[in-house]
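Scroll down for the structure; my scribbles are underneath it.
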Amino acid sequence: MYPAAEKRFIRINKITILVLFLVITAGGIVRSTGSGMGCPDWPKCFNRIIPPTDVSQLPPGYEEHYVEGRIKKNERFAKMIEAFGYADLADQIRHDESILVHEEFNAAKTWTEYVNRLTGVVAGFCMLFAAIFSFTYWKKKKSIAIWSVLNLIVVVIQAWLGSIVVSTNLTPWVITIHMLLALVIVCIAIQTYFWAITLRDNTLLKNTDKGFTWISVASIVILVIQVVYGTEVREAIDHLNQQQIQRVNWIDSLGMPYYIHRALAYVTLALTFFLYFKLRSSNLATGIQFKYAKLTLVLVCLQMLTGIILARLHVPAVAQTAHLVLASLLVGSQYYLLLLLNKPKGNATQHV
């Protein structure tokens with residue numbers, strides 16, 4: 001049995017992982033519904049803890065006030081990325097006229113964005129408790145505490161980056177970094193959870209075939225590259241939308257990133273099928289490894305189905321959200337499967 005302190009960490013880490021996927025889902029809904037600027041300021045919404053429901057509740061002259069605030073914040077952001085050697089990006093931010101464009105108040109979009117932020121706050125508190133509880137492992141496995149605290153720091157950076165997303169008026173490459181960082185946070189949480197459950201019981205690590213491990217490594221590497229190209233495709237769609245290109249012409253206008261993204265999807269599918277059938281005929285067929293291989297295969301198929309819907313039905317909003325959520329679930333499932341396929345070190349110990 002796990003001691004009470006360790007059970008507490010494992011439980012909060014499970015909850016954290018679930019909430020992180022909910023945050024990604026909420027973010028996907030925000031993007032697909034165009035609600036990203038539903039709250040023109042951050043962390044409050046129209047400078048209120050509870051956002052307005054009617055335009056009559058808005059403060060006078062709020063448009064100019066928030067635009068001025070965004071300009072000041074973006075100047076600080078431009079100076080920061082300029083210090084890292086990205087002068088061209090800094091110049092684009094300074095001269096981006098879209099930042100000066102004010103979006104009309106829409107109660108539905110405001111509350112969609114507000115719920116997204118509330119979900120992020122819940123995730124932040126979950127990770128704070130996980131970081132605090134992780135110190136129970138300090139003497140046994142310091143890496144659990146170190147990475148839990150590091151993940152909390154990354155979440156703080158992610159929250160700041162969320163404010164930059166708002167201040168830059170949804171600049172596509174900033175949104176892309178925001179999304180990729182969310183996946184990093186999920187994987188770190190999965191890693192600390194895995195370390196915690198295998199510290200006392202590493203009987204989950206039954207794989208003795210390095211081939212399975214390498215197939216899993218190849219799968220997740222290809223998947224990450226596919227996700228990166230997927231974010232490029234999303235940036236291109238945002239650009240087409242800003243140019244007011246008709247939705248029916250979006251897919252034909254995406255160019256090479258879309259074709260690479262689609263081709264990598266077939267590679268991911270092939271690798272996932274291959275690993276699934278290899279595990280089914282091995283001594284791991286009754287273990288948790290095969291269960292996650294099956295889950296991963298289902299997620300890959302669903303992901304490709306939503307991709308087909310996006311391509312054939314002119315990028316419907318619901319399919320955009322589903323595609324994003326399935327991608328994040330797939331990354332998490334693939335990463336956990338990779339951990340499960342690691343070869344065990346030393347003698348397995350099991351606590352009943």
Side-chain angles (χ1 to χ4, degrees), residues 7-32 35-36 42-43 112-134 137 143-166 174-197 220 223-224 226-228 230-231 234 292 295-296 298-299 302-303 306 320-340:
K7 281 184 177 179
R8 184 173 58 185
F9 172 78
I10 291 170
R11 189 180 300 114
I12 192 64
N13 217 344
K14 275 184 178 179
I15 295 171
T16 298
I17 293 168
L18 174 62
V19 173
L20 286 172
F21 283 122
L22 290 177
V23 172
I24 292 173
T25 302
I29 294 172
V30 166
R31 288 206 73 186
S32 63
S35 303
W42 191 96
T112 300
E113 168 61 13
Y114 184 66
V115 170
N116 175 44
R117 294 186 185 187
L118 288 181
T119 312
V121 169
V122 173
F125 276 109
C126 287
M127 297 190 70
L128 174 61
F129 286 120
I132 294 171
F133 297 157
S134 70
Y137 294 97
S143 55
I144 294 177
I146 291 171
W147 279 97
S148 295
V149 173
L150 178 62
N151 212 18
L152 182 61
I153 295 171
V154 176
V155 165
V156 173
I157 295 172
Q158 177 77 329
W160 167 79
L161 193 58
S163 72
I164 297 298
V165 169
V166 174
V174 180
I175 298 175
T176 294
I177 295 174
H178 195 54
M179 172 60 193
L180 294 176
L181 197 57
L183 295 178
V184 170
I185 292 168
V186 168
C187 288
I188 294 176
I190 290 173
Q191 180 72 70
T192 54
Y193 169 78
F194 179 79
W195 279 334
I197 64 172
I220 199 164
L223 177 60
V224 170
Q226 182 191 349
V227 168
V228 171
T231 59
R234 180 65 213 193
Y292 269 88
L295 173 63
T296 301
V298 170
L299 289 172
L302 290 174
Q303 177 75 348
T306 57
Q320 289 180 56
T321 301
H323 199 64
L324 173 64
V325 174
L326 286 168
S328 63
L329 290 171
L330 181 56
V331 169
S333 177
Q334 283 267 32
Y335 187 69
Y336 193 59
L337 179 59
L338 172 61
L339 296 176
L340 290 169

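- When atom types are taken as modelled, the side chain of E113 and the backbone of V30 share no donor-acceptor pair closer than 3.5 angstrom.
- One side chain, N13 or T192, offers a donor N or O that lies under 3.5 Å from an acceptor on the other.
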When you look at L161 and I177, which way does the side chain to side chain contact (heavy atoms under 4.5 Å, CB included) test go after all the steps?
CA-CA 8 Å; L161 193 58; I177 295 174; 3.6 Å; yes

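- The two residues G124 and V155 make their nearest non-hydrogen contact at CA-CG1, 4.4 Å.
- Between atom OG of residue S328 and atom CG of residue L299 there is a gap of 9.5 Å, rounded to the nearest 0.5 Å.
- Between the S333 side chain and the L330 main chain, no donor and acceptor come within less than 3.5 Å of each other.
- Ring-plane geometry between Y336 and Y193 is classed as tilted, the angle between the planes lying from 30 to 60 degrees on a 0 to 90 degree scale.
- Side-chain contact check for M127 versus I185: some heavy-atom pair is nearer than 4.5 Å.
- Expressed to the nearest 0.5 Å, how far CG of L337 lies from OH of Y292 amounts to 9.5 Å.
- Separation of atoms CD1 (I190) and OG1 (T16) is listed at 11.5 Å; rounding is to 0.5 Å.
- Taking 4.5 Å as the limit, some side-chain heavy atom of M179 sits within range of a side-chain heavy atom of L324.
- Between N151 and A189, the shortest heavy-atom contact is ND2-N, 3.6 Å.
- Expressed to the nearest 0.5 Å, how far CD1 of I197 lies from CG of L339 amounts to 9.0 Å.
- Contact between G28 and T321 at its shortest, heavy atoms only, is O-OG1, 3.3 Å.
- Shortest non-hydrogen contact noted between A322 and Q303 is O-OE1, 4.5 Å.
- Here the side chains of I24 and V186 are in contact, with some heavy-atom distance below 4.5 Å.
- Side chains of W147 and L150 form a contact here, defined as non-hydrogen atoms less than 4.5 Å apart.
- Nearest heavy atoms, G332 versus F21: CA-CZ, 4.4 Å.
- There is a side-chain donor-acceptor pair under 3.5 Å between Q191 and Y335.
- For the atom pair OG1 of T112 and CD1 of I29, the computed distance is 8.0 Å after rounding to the nearest 0.5 Å.
- Looking at heavy atoms from C-beta onward, L326 lies in side-chain contact with T306 at the 4.5 angstrom threshold.
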Determine, stepwise, if the pair H178 / Q158 fulfils side chain to side chain contact (heavy atoms under 4.5 Å, CB included).
CA-CA 7 Å; H178 195 54; Q158 177 77 329; 3.1 Å; yes

List the steps, then state whether side chain to side chain contact (heavy atoms under 4.5 Å, CB included) holds for S148 with F9.
CA-CA 10 Å; S148 295; F9 172 78; 3.7 Å; yes

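- In this structure, V23 and N116 approach most closely via the heavy-atom pair O-OD1, 3.8 Å.
- Annotation: the span from R234 atom CZ to S32 atom OG amounts to 7.5 Å, rounded to 0.5 Å.
- The shortest side-chain heavy-atom distance between I15 and F129 does not fall under the 4.5 Å cut-off.
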